[in-house]
Every structure is written in C-alpha cells, then in structure tokens.
Amino acid sequence: MAAPLQEGGTVMMTVNGSFESALSKKTLLYLDKQLVVRASQDGSVRLIGQIDLTNGDAIAGALHRQWTRPGTGTVDVAELQFIDLYGLRALALLSEVPLGRPIRLHNVKPGLRKLLGMLDWPAFTIG
C-alpha cells in the first residue's frame, strides 16, 4: 500500500516507486499493491505498475464502470511495468462490451508493441 509523505503542506504518496499528489486532477479508479489506475477528465486512463492474474479481473471491473461514458477507451501504458496474457485478455474483453471498438493504447513500450503485433488482436490499436 502507498505511504503518505508531507511535502510543503501537500500530501504526497509513493506508489510503485513514483510520487503521486493526493490533489491530482486525475480520478483514482483502482489501487492495489501492484497497480494504480487513474482516469482523466477526458475519459482516458493511465496504468501505473503491474497487471497479472491477481488483479486483472478487478481492473477490468473498474474500467468497465469508467467506460460506460462516450469518448472513453484510451489507455496510457507508459508506466505499465508488466502485463501478462491474462491482463491483456481482461483489457481485450473491454473492447467488446461496453466499448464496441478497439482500445487505443498510448506510449506503448517496444516489448509490449512486439507482443501485441504477434497476437494480432483487433481489440487494440496503438497510437
């Protein structure tokens, strides 16, 4: 779990080795020992940490609730350190319901880009 720090009157938290302001303009959708999921006002989502068998279903549930609004379905994975096949499958299923269109991944690292190319899933687009 995150450890709060005081810095100039602002509460800061360390999550997966990075500092997150408690006053962030992004909405916290999900938090566990491995992952933080935040949503922006434009409906995009930022994944920070790791997704695997232990948290894939919970993340899919949080994103399913978030993506019932129009204009959603963009995921920033710049700070995603690890995702296994189960985590990718959980995200891929969201492209069918509720989105009905591919999930747009931004800031994809080369290893994940290669894996997605090999899988050739129509559930994802890289942008």
Side-chain angles (χ1 to χ4, degrees):
M1 180 93 0
L5 304 172
Q6 293 289 335
E7 182 176 288
T10 301
V11 176
M12 301 290 288
M13 296 178 67
T14 57
V15 178
N16 294 316
S18 65
F19 287 102
E20 293 282 330
S21 170
L23 303 175
S24 174
K25 293 181 182 177
K26 296 188 176 198
T27 303
L28 181 66
L29 294 180
Y30 179 84
L31 173 68
D32 69 20
K33 293 186 295 185
Q34 299 183 136
L35 185 74
V36 176
V37 180
R38 293 195 176 272
S40 296
Q41 291 176 346
D42 65 0
S44 65
V45 173
R46 182 173 146 210
L47 303 177
I48 305 165
Q50 302 179 30
I51 303 173
D52 61 21
L53 179 64
T54 63
N55 60 8
D57 289 335
I59 293 156
L63 293 178
H64 187 274
R65 289 186 297 277
Q66 171 69 17
W67 286 345
T68 56
R69 301 184 339 223
T72 57
T74 301
V75 180
D76 184 339
V77 293
E79 296 181 75
L80 186 64
Q81 298 167 349
F82 175 83
I83 187 166
D84 66 4
L85 191 56
Y86 191 85
L88 282 174
R89 182 184 163 279
L91 290 177
L93 291 175
L94 291 170
S95 71
E96 297 169 6
V97 176
L99 293 179
R101 65 181 184 280
I103 294 171
R104 293 181 305 278
L105 300 176
H106 287 272
N107 301 312
V108 179
K109 294 178 184 175
L112 180 55
R113 184 180 297 269
K114 183 176 180 179
L115 177 61
L116 290 170
M118 289 188 304
L119 293 172
D120 193 29
W121 276 353
F124 300 105
T125 60
I126 299 173

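Please read these numbers as outputs of a predicted model, since none were measured by experiment. Atom set for the values below is all heavy atoms of this structure, side chains included, hydrogens, waters and symmetry mates excluded. Just so you know, residue 1 is the first one in the sequence shown, and it goes up from there.
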Nearest-0.5 Å distance that lies between atom [atom1] in [X] and atom [atom2] in [Y]:
{"X": "Leu35", "Y": "Gln81", "atom1": "CG", "atom2": "CD", "value": "9.5 Å"}
{"X": "Ile51", "Y": "Asp32", "atom1": "CD1", "atom2": "CG", "value": "9.5 Å"}
{"X": "Thr125", "Y": "Leu105", "atom1": "OG1", "atom2": "CG", "value": "6.5 Å"}
{"X": "Ile48", "Y": "Asp76", "atom1": "CD1", "atom2": "CG", "value": "8.5 Å"}
{"X": "Gln34", "Y": "Thr54", "atom1": "CD", "atom2": "OG1", "value": "4.0 Å"}

Given side chains that start at C-beta, do those of [X] and [Y] come closer than 4.5 Å, heavy atoms only?
{"X": "Leu47", "Y": "Ile83", "result": "no"}
{"X": "Leu91", "Y": "Leu63", "result": "yes"}
{"X": "Leu28", "Y": "Arg38", "result": "yes"}
{"X": "Trp121", "Y": "Leu88", "result": "yes"}

- Message: Show the nearest heavy-atom pair for residues Arg113 and Ile126, with the distance to one decimal.
- Response: NH1-CG2, 3.2 Å

- Mind listing the closest non-hydrogen atom pair of Gly56 and Ala90 along with its distance? O-CB, 3.6 Å

- Message: Who clusters with Phe82? Use side-chain heavy atoms, under 4.5 angstrom, across I, L, V, M, F, W and Y, and order the result by chain and number.
- Response: none

- Query: Can you list the steps and then say if Lys109 with Val77 is a side-chain contact (heavy atoms from CB on, under 4.5 Å)?
  - Reply: CA-CA 8 Å; Lys109 294 178 184 175; Val77 293; over 6 Å; no

Any chain of hydrophobic side-chain contacts (each under 4.5 Å) joining [X] to [Y]?
{"X": "Leu94", "Y": "Leu85", "value": "yes"}
{"X": "Leu53", "Y": "Leu119", "value": "no"}
{"X": "Tyr30", "Y": "Tyr86", "value": "no"}

- Donor-acceptor under 3.5 Å (Asn55 side chain, Gln50 main chain):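 Side chain of Asn55 to backbone of Gln50, a donor-acceptor pair under 3.5 Å: yes, one is there.
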
